[in-house]
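All values reported here derive from a predicted model rather than from experimental measurement.
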Protein chains: 2
Amino acid sequence: MRDSDATMIRSLPLFHDMADDSFEELVRGAYVQSFPPMVDLLIEGDSSDFLHIVIDGTVELTAGWNEGETTMTVLREGATFILAAVVRDAPNLMSARTLEKSKVIMLPAEDVRRVFEQDHAFARAVVRELAFCYRGVIKCVKGLKLRTSLERLANYLLKWQKKLGGDACFTLPVEKRRLASILGMTPENLSRAIKALRPYGVVVTGLNVEITKPDDLKQLAKPTPLIDDTRS
Amino acid sequence: MRDSDATMIRSLPLFHDMADDSFEELVRGAYVQSFPPMVDLLIEGDSSDFLHIVIDGTVELTAGWNEGETTMTVLREGATFILAAVVRDAPNLMSARTLEKSKVIMLPAEDVRRVFEQDHAFARAVVRELAFCYRGVIKCVKGLKLRTSLERLANYLLKWQKKLGGDACFTLPVEKRRLASILGMTPENLSRAIKALRPYGVVVTGLNVEITKPDDLKQLAKPTPLIDDTRS
DNA sequence: CCTTTCGTTTGACATATATCAATCAGGGAT
DNA sequence: ATCCCTGATTGATATATGTCAAACGAAAGG
């Protein structure tokens, strides 16, 4: 592993506070790999031998059942995945594949578990990370059960607008059919939902979004930190 | 706190392996309370000052948005709740209320965090518990996004049949309108879904369920451990 | 025992969402 | 530049699910 990669993951909350030698021990056995787009990294149901960290690019987590597949989330630089499966030594509940050319660090699950035993700061960070992920999924369930697809879309747009700096114009971070899957609808329906948001000041051209009447959109979306806040 | 209560929670995975004095420290500041049915224990959005443990009875976790409310889960003896919020010192994402007369232990969040710092076995148990909860919610999302309400009901019935011993006859653990909310549908729709399962050998009388053709039902439900397995 | 209440069920209807097929548009590759 | 491929859109239609109102039934209280 390059120094720059080590520095990068060292700065992540999960690894930031741990002892130097614990970090060394983790990094020693790590693999760094670059993958082209659309490569499967993990298959749902397989055992989880490595904790994965996205260094660069984007990775999609999906789940399937009975011919169907849905996108659970899309991960970017700094995100870790299948921590829960590694901790419990249980099969992956989701598949993972690269969307773009991506660089991923893989830490052997054994090492993670061993260092976890030794280093209390790391243990605490793992707890915080898992609690964070848990709360993220809870919010996802709340959105699915309490909101219509139009409302989910409206809140998604507001969330990303804020995340990307708050400008009236911004670019969608994923292609539309994946966005549809994330929001739990079909691509056709997303198309129609986008049109339905036009009266609320939403103009979408390709992946570009402009929100001209944020107050009107918020009145429809009714965002709340208890569902839409990414941190906390 | 009575000895019997202490013994009970000591036997839970979360507290089983911790040091005796850590456990003492936790129990020292604990409150044990009995509540009548339909009492609010927590309100969504409030800060989380106590880790809660259900000793007896049933507690419902709900979430609301814009006039609507949905049941996220129903907890029974031995279940802990809002661990994630306590760990992150963040607002509750769900409300909690008793369904039956219930006994609940409340451990001050401060104590939990402090003992967590000192006792590595406890820290590990917290990690395992959080990972377990996380995986439970992920399965919930998969069910919501990949299955119809009929399929969710069919799998719910099979899951509880197995959990209650595998007999052809068993009793639903919650009233129907709550079951509807858990499954993400309306009570009216649940009624119709139950009727729709009759050709698959499902006879429901009040809260009593009989599954006469389990193979037929399984063919419809297509259960998979990656969604329907409660443990792991 | 009756009454009241609340949860359930049923039917009619409205809405939301998915499906299918066809067309359209943009980005690479040749 | 042209072609081809893939994703996006549109329209027509089907299905799933929610809503409203009414009727029903079981359990609790007087």
Side-chain angles (χ1 to χ4, degrees), chain A residues 36-38 58 60 64-71 74 97 99-101 143-157 171-198 202-209 220-221, chain B residues 36-38 58 60 64-71 74 99-101 143-156 171-198 202-209 220-221:
Chain A
M38 299 307 277
T58 54
E60 178 186 35
W65 179 76
N66 185 39
E67 316 286 298
E69 186 180 271
T70 188
T71 301
V74 173
R97 83 169 137 252
L99 291 182
E100 316 166 348
K101 183 172 185 313
L144 286 169
K145 291 180 81 174
L146 293 165
R147 288 173 171 165
T148 66
S149 56
L150 190 67
E151 291 162 341
R152 290 198 294 278
L153 172 60
N155 279 295
Y156 181 92
L157 294 178
T171 303
L172 289 175
V174 288
E175 56 182 340
K176 284 182 187 161
R177 71 180 164 130
R178 236 167 286 275
L179 173 55
S181 186
I182 290 171
L183 295 174
M185 54 175 139
T186 58
E188 295 94 326
N189 232 324
L190 174 60
S191 247
R192 290 185 259 262
I194 287 173
K195 268 173 102 173
L197 287 183
R198 195 167 228 140
V202 175
V203 184
V204 179
T205 325
L207 291 185
N208 284 44
V209 181
L220 170 73
Chain B
M38 301 307 276
T58 53
E60 178 186 35
W65 179 75
N66 186 38
E67 318 283 298
E69 185 180 272
T70 188
T71 300
V74 173
L99 290 182
E100 316 167 349
K101 184 170 182 316
L144 287 169
K145 291 180 81 173
L146 292 165
R147 287 172 171 167
T148 66
S149 56
L150 190 68
E151 290 161 342
R152 290 198 295 275
L153 172 61
N155 280 295
Y156 181 92
T171 303
L172 289 176
V174 288
E175 56 183 339
K176 283 182 188 160
R177 72 180 163 130
R178 236 167 286 277
L179 173 56
S181 186
I182 290 170
L183 295 174
M185 51 180 163
T186 58
E188 295 95 326
N189 232 324
L190 174 60
S191 246
R192 290 184 260 261
I194 287 173
K195 269 172 104 175
L197 287 183
R198 194 165 226 140
V202 175
V203 184
V204 179
T205 325
L207 290 184
N208 284 44
V209 181
L220 170 73

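The stretch residues 144-153 of chain B has no heavy atom under 4.0 angstrom from DNA chain C at all. If you check residues 184-193 of chain A against DNA chain D, the residues with a heavy atom closer than 4.0 Å are A:Glu188, A:Ser191, A:Arg192, listed by number.
At a threshold of 4.5 Å between non-hydrogen side-chain atoms, the residues B:Leu190 and B:Arg177 do not count as touching. Contact check for A:Ile194 versus A:Lys176: side-chain heavy atoms found under the 4.5 Å cut-off. Contact check for B:Leu197 versus B:Val204: no side-chain heavy atoms found under the 4.5 Å cut-off. Taking the side chain as every heavy atom from C-beta outward, A:Thr71 and A:Leu179 never approach each other to under 4.5 Å. Inter-residue side-chain proximity for A:Val74 and A:Ile182 is flagged as met; some heavy-atom pair is nearer than 4.5 Å. A heavy-atom distance below 4.5 Å is found between the side chains of B:Leu153 and B:Met185.
Note that the CD atom of B:Glu151 and the CG atom of A:Asn66 stand 6.5 Å from one another [nearest 0.5 Å].
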Mind listing the N/O atom pairs, protein and nucleotides 28-30 of chain D, below 3.5 Å?
none

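The backbone N or O of A:Arg152 lies less than 3.5 Å from no partner atom in the side chain of A:Arg147, so there is not a single donor-acceptor pair.
Once you apply a 4.0 Å limit to the heavy atoms of chain B, the touched nucleotides of DNA chain C run 5' to 3' over C:dG7 to C:dA12.
Nucleotide D:dG25 holds its C1' atom 16 Å from the CZ atom of B:Arg177, rounded to whole Å. As rounded to whole Å, 13 Å separates atom P of D:dT9 from atom CG of A:Leu197. To the nearest angstrom, P of D:dA26 lies 16 Å from CD of B:Glu175.
In this structure B:Glu188 satisfies the salt bridge (charged side-chain N to carboxylate O under 4.0 Å, His left out) test with no other residue, sequence neighbours excluded.
Axis angle, first five pairs versus last five pairs of the helix from C:dC1-D:dG30 to C:dT30-D:dA1: 30°, rounded to 10°.
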